[in-house]
Peer 1: 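Before we start, here is the structure in question, set down as structure tokens.
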Amino acid sequence: MKEKMDERRKVIGIAMAAMIVASILAVIAPQAFGYFRPVPIPPGEEAIYYLSPRDSSVPEGYCNSTEVELHVNSSLSLCFGKVSILYDHLCVNITRVTFNTTVWDDPIGTGYSIPYPGKLVITYSKLTGEYPPGDYPICNITIHCNSTECCKTDLNFVPETYITNMTLGDLDVPGENGTFTCGKPSIMVNKKVYDPATGTWVDSLDTAEKGKEYMF
């Protein structure tokens, strides 16, 4: 009898431990993958596009890259969409776009182009039917530092940005603009000291005396 009770306690203990681990993973998982921020749909709009993170950077600067995720949050069912983003091509390059092909499985309707330096155009498509309203990851965008000096560019959603609903057709929707910083901002400081004897600002003062105050 005692052995059976000990065995039962052991099974309950294992089950409780498994539940605790599962609960911890449920809390950690969204943060680990960094997917949904989430971003609410503005009043009067059917959907919104956004970047995650909205403001990104590469402190290492020139010739280094990072990825940002592009999402659509829609209050309508959708099967297709188009996104246009403007950026400063003298500051950064878009070197790669990796699509979530598990969600957007139409290879013909899914792709990207850079019609001219500083503009990224993305389309994504579902082969059959529509997805219900929700927040969907579209792709990862690789942003590459293109400047030897620290710079910052806006990542602005512009017209030609819409979602497609099979009943209502194409619907223009807004995007939440973002930024990207290439390099680490710094400040160069040149100090001069005021020489009370000559009334001028100088690089050094040989006549300085300990305990006296000087202006820099």
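Values in this document were obtained by computation on a predicted structure and should not be read as measured data.
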Peer 1: Taking all heavy atoms of V158 and all of I85, pick out the closest pair and write down the distance.
Peer 2: CG2-N, 4.5 Å
Peer 1: Within the 4.5 Å heavy-atom criterion, are H144 and C63 side-chain neighbours or not?
Peer 2: yes
Peer 1: Can you see which heavy atom on T123 is nearest to which on G109, and at what distance?
Peer 2: OG1-O, 3.0 Å
Peer 1: Measure across C151 and S147 and return the closest heavy-atom pair with its distance rounded to 0.1 Å.
Peer 2: SG-CB, 3.7 Å
Peer 1: Taking the side chain as every heavy atom from C-beta outward, state whether I163 and Y124 have any pair of such atoms under 4.5 Å apart.
Peer 2: yes
Peer 1: How about V39 and N73: do any of their side-chain heavy atoms sit closer than 4.5 Å?
Peer 2: no
Peer 1: Tell me if the aromatic rings of Y131 and Y136 count as close, with their centers under 6.0 Å from one another.
Peer 2: yes
Peer 1: Indicate yes or no: at least one non-hydrogen side-chain atom of H71 is less than 4.5 angstrom from one of R37.
Peer 2: no
Peer 1: CD1/I141 to OG/S65 distance, rounded to the nearest 0.5 angstrom?
Peer 2: 13.0 Å
Peer 1: Measure across L168 and N165 and return the closest heavy-atom pair with its distance rounded to 0.1 Å.
Peer 2: N-OD1, 2.9 Å
Peer 1: Does V72 share a hydrophobic cluster with F80, counting links as ILVMFWY side-chain heavy atoms below 4.5 Å and allowing steps through other members?
Peer 2: no
Peer 1: Let me see the working for C182 and V58 under side-chain contact (heavy atoms from CB on, under 4.5 Å), right down to the final yes or no.
Peer 2: CA-CA 5 Å; C182 174; V58 175; over 6 Å; no
Peer 1: Begin with the C-alpha distance, continue with both residues' side-chain angles, and end with the deciding distance and a verdict on side-chain contact (heavy atoms from CB on, under 4.5 Å) for L120 and V97.
Peer 2: CA-CA 10 Å; L120 173 66; V97 177; 4.2 Å; yes
Peer 1: Any link between V83 and I143 through a network of hydrophobic side chains (Ile, Leu, Val, Met, Phe, Trp, Tyr) touching at under 4.5 Å?
Peer 2: yes
Peer 1: Taking the side chain as every heavy atom from C-beta outward, state whether I48 and F157 have any atom pair closer than 4.5 Å.
Peer 2: no
Peer 1: Is there side-chain contact between K119 and V121, with heavy atoms separated by less than 4.5 Å?
Peer 2: yes
Peer 1: Quick check against the 3.5 Å criterion: does S74 have a side-chain atom that pairs as donor or acceptor with the backbone of A47?
Peer 2: no
Peer 1: Say you draw a straight line from OH of Y50 to CD of E69; how long is it, rounded to the nearest 0.5 Å?
Peer 2: 8.5 Å
Peer 1: In terms of hydrophobic clusters joined by side-chain contacts under 4.5 Å, are L86 and I114 together?
Peer 2: no
Peer 1: So that I can confirm a possible disulfide, could you see if the SG-SG distance for C91 and C145 falls below 2.5 Å?
Peer 2: no
Peer 1: Under 4.5 Å between side-chain heavy atoms, counting indirect links through other Ile/Leu/Val/Met/Phe/Trp/Tyr residues: same cluster for L90 and V92 or not?
Peer 2: no
Peer 1: What's the spacing between E176 CD and S52 OG if we round to 0.5 Å?
Peer 2: 9.5 Å
Peer 1: Are any side-chain N or O atoms of D172 and backbone N or O atoms of Y162, one a donor and one an acceptor, separated by less than 3.5 Å?
Peer 2: no
Peer 1: On a heavy-atom basis, which atom in K126 and which in G129 lie closest, and how many Å separate them?
Peer 2: CD-O, 3.8 Å
Peer 1: Strictly by modelled atom types, are D170 and T164 linked by a side-chain donor-acceptor pair under 3.5 Å?
Peer 2: yes
Peer 1: Please give me the minimum heavy-atom distance between D55 and G178, naming the atom from each residue.
Peer 2: OD1-C, 4.0 Å
Peer 1: State the CG-CG distance between L155 and L70, to the nearest 0.5 angstrom.
Peer 2: 11.0 Å
Peer 1: With a sphere of 6.0 Å drawn around OH of Y112, does it hold more than 12 non-hydrogen atoms of other residues, nucleotides or ligands?
Peer 2: yes
Peer 1: Can a donor-acceptor pair be found, under 3.5 Å and without considering hydrogens, that links the side chain of E130 to the backbone of M166?
Peer 2: yes
Peer 1: So, N140 and T98: side-chain donor and acceptor under 3.5 Å apart, yes or no?
Peer 2: no
Peer 1: Report yes if the side chains of I122 and C139 come closer than 4.5 Å at any heavy-atom pair, otherwise no.
Peer 2: yes
Peer 1: Can you list the residues that meet the side-chain hydrogen bond (donor to acceptor under 3.5 Å, both in side chains) rule with E45, with sequence neighbours excluded?
Peer 2: none
Peer 1: How long is the straight-line distance from OG1 of T101 back to CG of D106, given to the nearest 0.5 Å?
Peer 2: 12.0 Å
Peer 1: Quick one: does F180's side chain get under 4.5 Å of V68's, heavy atoms only?
Peer 2: no
Peer 1: Is a side-chain donor or acceptor of S75 paired with a backbone partner of E46 at a separation under 3.5 angstrom?
Peer 2: yes
Peer 1: Check whether N93 reaches the backbone of N146 with its side chain - one donor and one acceptor, N or O, closer than 3.5 Å.
Peer 2: no
Peer 1: Give the intermediate values and the outcome of side-chain contact (heavy atoms from CB on, under 4.5 Å) for residues T161 and K82.
Peer 2: CA-CA 5 Å; T161 296; K82 184 177 181 180; over 6 Å; no
Peer 1: If you group Ile, Leu, Val, Met, Phe, Trp and Tyr by side-chain heavy-atom gaps below 4.5 Å, do Y49 and L78 land in one group?
Peer 2: yes
Peer 1: Calculate, to the nearest 0.5 Å, the distance between atoms CD1 and OG1 belonging to I138 and T110 respectively.
Peer 2: 10.0 Å
